Amino acid sequence: MSLELLLIIAFGGAFLTYLLGKLSSGVRNFFAVFISCALAAIVAYLYGKPSEETFYLGFLGLPLLLRLNMLSWFFAIAIAVVGALSIIFSLSYMKGREKTDFYYLMMLLVNAGMLGIVLSGDLVSFYIFWEIMSWSAFLLISYNRGPALAAGMKYIIMSIVGSVAMLIGMLSLYANYGTLSISEVAPFVASASSGYILFILIVFSIAFGIKNAVLPFHTWLPDAHSEAPSPFSAVLSGILVRMGMYGFLLFFFVIVGSKLFLGLGRDNFHYILAWIGAINIVIPTFIAMLQNDSKRLLAWHGVGQGGYMVLGVALGTSLGVTGGTFHIVNHPSYIALLFLVVGAVEYRTKGIRDLNSLGGLIKRMPITFIGALVGACGLIGLPLTNGFVSKWLIYKSLILQGHPFLAFAALIGTWGTILSLYKFLHNMFLGQLPEKYRNVEKAPFNMQFPIIILSLIIILFGILPGIPLKVINSITTSFGLESLNINIWGIASETGALNTINIFAAILAVGLIVWLIFRAGPKAAPIAQDDNYAAGAYVPKEKYHYTVDFYNPLYRMISPYLRDFIDEFYMKLARGTQKLCGGIRHVYTGDVGHYVMYIVLFLASLIFVQIKWGIW
Amino acid sequence: MRRIISILLLGIIALGITLSLAKIPFGTPKTKVGRYYIDKGVEETGATNIVTSVVVNYRAFDTLGEVTVLFIAAIGLGAVLTTGRRKKPERKIEPASLVLYTGCRFLFPLILLFGAYIFVHGHLTPGGGFQGGAIVASAFVLTYLGCRERRISERGSKLAESLGGLIFVIVGLVGLAVGGYFLMNFLPKGIPNFLFSAGIIPILYIVIGVKVGSELAGIIDNLIEESE
Amino acid sequence: MVNPVLLIAVPLGLAFAIPLFGFISQKLEKYIPPVAMLFNLIVSLSLIPKVLEQPIVVSIGGFPPPFCINLVAGPVGVLFSAIIALVGFLVSIYALDYIKEGATEKYHMLYLLLLTGATGVVLTGDIFNLFVFFEILCISSYALVAYLGNRAGIESAVKYLIQGAIGSSLVLIGVALLYGLFGTLNMADIARNIDSVSPISVFVPLVLLITGLGIEGAIFPLNAWLPDAHSSAPSSISAILSGIAIEVGIYAVARVIFTVFGASSIFLFLVLLGLLTLLVGEMSAFSQKNIKRLLAYSSIGQIGLIVFALGIATSYGVVGGLFQIISHSLSKALLFLAVGYMIYRTGSMDISTLDGMGKRMPFTSLAFTIGAFSLVGLPPFVGFPSKFLIVRAALAKEEVLFTVLIALVLLGTVIEGAYFFRVIQTLYFKGKRVSPNKREEAPIAALIPIGILMILIIVIGVYPRLVTDILNSAASELLNRIGYIKGVLG
């Protein structure tokens with residue numbers, strides 16, 4: 001199976017889906033699911049079959065290449081799986097909404113674009129697929145109308161800025177070395193001056209940083225994530241944003257090379273990047289805690305988790321890069337899961353995302369709750385979930401490298417995550433069920449199915465981290481980093497021990513003890529709401545518990561420091577630009593006398609310059 | 001203030017043009033293309049009026065363009081005026097006096113004849129299609145002044161304009177077919193100073209004369225209708 | 001071999017003949033422009049393989065070159081005449097249904113003459129002949145801008161006329177000075193002798209020509225007529241003005257600078273001028289609420305990009321600039337055509353009234369989207385390879401100055417993206433949800449050219465090889481003066 005065919009199926013399938021939608025929506029839905037699952041199957045089949053092929057020669061004399069290696073396979077499988085699951089989830093979520101043909105077309109197009117990005121063997125195809133992904137994502141973000149429009153604009157403007165940076169970097173490489181094939185350009189870059197490498201890395205870091213929502217380029221993300229349709233939010237936050245991480249890995253370790261990257265700017269470049277990652281963990285996580293919109297809360301975590309990845313990758317050690325890379329694939333599993341959970345709740349409660357008005361849904365949507373619980377555990381990084389393993393690797397390498405402050409920052413981030421996800425879980429599923437949601441039904445099967453699959457993946461990789469780590473290890477060794485001693489339960493001791501079977505046993509034991517203690521105690525009995533002692537005051541019929549304004553005291557304390565100064569700055573900049581543009585427009589006054597003066601002035605000044613200075 | 005700046009700027013431009021003009025060798029035979037036309041013009045084109053030989057033979061393509069420019073001006077004016085006009089108001093015509101009326105009718109054919117003479121003899125004497133055409137148009141102006149109810153036939157003038165242009169192009173194309181060059185002078189040159197000489201030049205000048213005459217008359221017609 | 005003069009003679013003759021066809025049947029008139037342009041398109045395309053080997057020099061009247069007018073059908077000329085014929089053909093099909101009111105016969109004549117003038121400008125090898133054809137182009141566009149006969153149309157046509165007339169007189173003075181200095185009007189002949197005269201006396205005609213031609217070419221600050229004229233003309237004419245007329249102006253400027261004067265010392269000035277034009281255009285477009293004005297300002301921006309690329313004056317740069325001309329012609333024509341029927345349906349040019357168009361006119365909205373994506377330079381549309389080439393050309397200079405300049409150019413792209421994406425959101429996602437059965441698609445005569453333009457934008461975007469051969473040899477024609485002079489004068 002050639003890679004070319006894979007992309008033809010991906011893109012052709014997208015357009016075919018659109019056309020089928022004109023015939024019947026049933027056929028279209030079936031076909032969309034079929035295509036996305038087929039892509040996942042093909043990518044899975046391609047495991048361990050590295051290849052490189054030229055797929056197109058017609059572009060301005062540049063051969064466009066496709067290439068499959070471990071790194072691209074690793075991302076491709078994540079893309080394909082998340083894509084397939086979100087398409088399946090969409091079946092119910094999108095039922096009865098308008099422009100569904102268009103929606104499926106764009107979903108599949110985004111998917112195809114991302115597959116193209118990771119399979120590109122040269123930077124032009126990389127850029128082309130990157131742009132296709134960007135504009136189709138823009139159309140999807142804008143899909144929900146209303147506030148989604150502003151979110152879409154914010155996204156696309158920043159995205160264009162990123163592509164501009166990438167275009168400059170890419171063509172500068174081309175102008176200097178005459179090739180854009182990744183494998184050919186790498187040795188040239190390796191022998192370039194460090195100033196030039198720094199220029200290239202900074203330019204590309206802007207491009208990838210914007211997509212990866214690294215501070216200070218993150219401001220598009222919370223809006224875009226919360227306004228997009230939920231299945232797409234899952235794709236967006238889970239994997240589309242992580243294309244930036246793919247870019248970082250590609251440039252730091254494949255094109256520039258680990259040695260050069262680590263030594264750049266007297267060892268400072270990667271250290272600064274690590275600090276950016278650390279800041280990126282702390283601030284967004286605490287902002288997330290204060291959100292009352294469930295999707296916005298998750299979106300801010302999307303920014304925060306990106307920090308872990310940057311931190312791990314920027315360290316540049318085997319453990320760190322392994323941890324960061326593992327985190328990249330873990331992140332889609334739980335963040336997509338959580339977005340799908342929100343989507344399911346939204347679907348059943350007719351579009352409610354406000355955490356203050358939900359509650360008690362555990363009894364109505366038990367499977368969804370379990371999904372949320374597993375996802376939250378993964379995001380926090382509790383043992384027996386995959387999030388634990390990747391975070392553990394990052395912590396471990398921070399400690400081994402002797403970066404106590406960075407480790408502390410990462411740790412604070414985890415605390416923030418626990419607090420905010422507790423709020424998320426509690427306000428949606430626990431506590432009192434509001435009267436109006438008394439009759440909410442459980443999510444339909446095609447919503448539960450992706451939730452279950454993702455939950456299983458989280459736990460599977462949490463207990464048996466050896467499976468993905470083996471793949472990641474072959475990636476990191478291809479970067480020229482030291483190999484880790486991987487076994488199915490984790491990592492053997494000489495390079496940093498991790499053994500999940502011990503942890504598994506310990507948790508089982510502790511769980512048993514807790515269960516026994518609770519068994520021994522008296523049983524709690526549910527009582528009616530008006531059965532409470534209220535000192536004679538009226539006990540309201542409606543929701544009566546403390547989820548409204550969760551963390552309010554804390555909020556009052558820290559909110560002055562957690563304003564998004566950067567976003568404010570950008571908005572100011574945008575307004576300023578708008579004003580400036582409005583001003584510039586008045587060059588065209590509408591008075592033809594002025595226009596004639598412009599012409600005369602132009603001519604006279606040219607002649608004057610020539611007479612005075614004799615430039616020609 | 002604005003006026004002073006304008007004068008200053010125009011002064012600079014004038015200075016520039018003057019500096020450029022200062023280098024032009026007026027009066028010396030340096031203008032090589034002009035010299036060539038003077039030396040070879042009669043021999044190569046058969047037209048004794050060298051201006052004509054340049055306008056209608058050496059640079060006939062420009063002339064075709066200029067005729068087109070005039071044509072565009074005429075129909076452009078027509079297009080704008082027809083679209084802009086909502087409804088034709090009733091025209092109130094005050095007839096001219098008998099003297100004027102008779103005088104105009106009397107002069108009309110004479111002026112036409114004079115105009116025709118000018119463009120038919122364009123290759124021999126000063127004048128040519130444009131000048132002749134202008135004279136022809138002046139005949140129509142006179143009619144509008146004197147015989148106010150008269151109008152030129154729109155159909156006729158359209159026909160003249162179109163046919164005029166078309167014949168010009170066709171003559172050129174015949175040249176292309178016969179001699180391999182567009183607008184080539186494919187007819188015999190004849191003996192200089194005779195009426196039937198200079199090949200296609202008289203044909204083109206007649207065509208131009210008719211065309212220019214009808215176009216200018218058409219413009220006047222349009223403007224008169226608009227002013228009422 | 002087909003003689004390139006037919007590219008001018010046939011449409012000119014047919015334009016003159018339109019009233020005659022009108023005598024046979026009024027309905028016949030509107031089919032003449034498509035026929036003529038189809039002929040031109042076929043001839044231009046059939047000439048391409050020949051001119052790739054060697055430019056075809058045709059003298060008119062059968063005299064040797066400096067003494068008569070000659071046409072130079074080199075790669076540049078044929079490339080442009082093919083673009084003119086293609087866009088002209090498609091827009092004339094669009095006009096079959098679009099132009100119903102007013103003096104339609106005169107519209108079709110003026111339209112065909114405008115295109116003939118444009119073809120003449122790009123093919124001629126004689127500077128005065130260039131001026132004549134330029135006049136044909138300009139005067140017919142003045143008339144066509146005023147075609148609708150409303151206040152805005154006439155006012156902007158008059159403004160255009162005033163500025164255009166100033167431009168024409170400057171060109172005429174410039175041509176006269178050149179004739180005085182060199183005694184010849186042939187461009188190759190002037191080019192051969194240009195170094196024999198002192199700089200100041202050549203510089204004045206040069207700036208006169210740049211200014212005069214630059215007015216039609218819409219270079220800042222000479223382009224103030226453009227937003228008014230492009231926005232108040234009928235949309236089919238806006239498409240032609242934006243897609244062809246200003247490009248032809250730029251061609252003339254480039255021909256004068258590159259071939260006639262070989263003025264390599266003003267290239268940097270050209271680059272800066274292009275950048276300024278681009279930024280002013282894009283920034284003015286940013287806050288526009290009138291859709292046609294927005295497109296008009298965007299044309300200024302694109303022209304700036306073209307001038308910038310030509311000013312780089314390496315073969316990469318010129319190829320990029322010419323490619324940008326192709327991409328702008330196709331994309332902007334498509335945008336104006338799409339917008340034409342949207343405005344027709346809503347009766348307003350205000351962007352905010354276009355909401356829900358995605359449902360009402362799905363095909364037209366798709367066309368707008370593709371055109372806009374292409375202008376912003378997104379792959380896989382034609383704007384991408386052209387922008388790619390321009391950026392590469394700037395970076396291949398390997399000067400910090402050019403890196404900074406190209407960053408500023410791309411900043412213009414960001415602004416352009418911002419306003420185009422906003423319009424796209426309005427088309428598809430803004431306003432109330434409209435009921436799906438409220439379809440008011442444009443008529444088929446409009447959809448065909450729109451569809452063809454869309455296909456071309458995608459096909460050339462995906463397979464730029466289609467045009468790169470002719471672009472490469474066109475660029476070498478512009479950069480190789482000696483070759484041009486030899487080709488014409490032997």
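Note that this is a predicted model, so its numbers are computed, not measured. Below, chains carry the letters A, B, ... as their sequence lines are ordered, and counting in each starts from 1.
- With a threshold of 4.5 angstrom between heavy atoms, C:L410 approaches chain A through its backbone and through its side chain.
- The two residues C:V207 and A:L603 have their closest heavy-atom pair at O-CD1, 3.7 Å.
- Options C:T403, C:V391, C:L466, C:T468 differ in how many heavy-atom pairs under 4.5 Å they form with chain A, and the most are formed by C:V391.
- Between chain A and the residues C:A396, C:S156, C:P385, C:A393, the largest count of heavy-atom pairs under 4.5 Å involves C:P385.
- Top candidate by heavy-atom pairs under 4.5 Å with chain A, chosen from C:V204, C:I415, C:V158, C:L378, is C:L378.
- Only the side chain of A:F102 comes within contact range of chain C, with heavy atoms under 4.5 Å apart.
- Between the side chains of C:N223 and A:Y598, not a single donor N or O lies within less than 3.5 Å of an accepting N or O.
- No side-chain donor-acceptor contact under 3.5 Å links C:W225 to the backbone of A:V592.
- Looking at C:F384, only its side chain comes within 4.5 Å of chain A, counting heavy atoms on both sides.
- Nearest heavy-atom pair, A:W135 versus C:P380, reported as atom, atom and distance to 0.1 Å: CZ2-CD, 4.2 Å.
- By the 30° and 60° cut-offs, the orientation of the rings of C:F421 relative to A:F138 is perpendicular.
- With a 4.5 angstrom heavy-atom cutoff, C:L226 does not touch chain A via any of its atoms.
- Residue contact with chain A, scored on non-hydrogen atoms closer than 4.5 Å, involves the side chain of C:L170 exclusively.
- In this structure, chain A has no heavy atom under 4.5 Å from any part of C:A394.
- In this structure, C:D228 and A:Y595 have side chains that are in contact, with non-hydrogen atoms separated by less than 4.5 Å.
- Looking at every heavy atom in both residues, C:Q425 comes nearest to A:A148 through NE2-O, 4.4 Å.
- Within the model, atoms CD1 of A:I607 and CG of C:L208 stand 5.5 Å from one another, a figure rounded to the nearest 0.5 Å.
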List, one per line, each side-chain donor-acceptor pair under 3.5 Å for residues 156-168 of chain A, sequence neighbours excluded.
from	atom 1	to	atom 2	distance (Å)
A:S159	OG	A:S134	OG	3.3
A:S159	OG	A:K211	NZ	3.3
A:S163	OG	A:E131	OE2	2.8
A:S163	OG	A:S159	O	2.7

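- Heavy atoms of other residues, nucleotides or ligands lying less than 6.0 angstrom from OH of A:Y196 number more than 12.
- Using bins of under 30°, 30° to 60° and over 60° for the plane-to-plane angle, the ring pair A:Y174/C:F388 lands in the tilted bin.
- No part of C:V319 comes within reach of chain A, as not one of its non-hydrogen atoms sits under 4.5 angstrom from that chain.
- The two atoms that bring A:Y588 and C:V280 nearest to each other are OH-CG1, 3.7 Å, heavy atoms only.
- C:S287 and A:R585 make their closest contact through OG-CD, 4.2 Å (heavy atoms, listed as atom of the first residue, atom of the second, distance).
- Neither the backbone nor the side chain of C:F420 has a heavy atom closer than 4.5 Å to any heavy atom of chain A.
- Taking each heavy atom of A:V587 and C:F220 in turn, the nearest pair found is CG1-CE1, 3.7 Å.
- Neither the backbone nor the side chain of C:E282 comes within less than 4.5 Å of any heavy atom in chain A.
- Proximity to chain A is limited to the side chain of C:L273, based on heavy atoms less than 4.5 angstrom apart.
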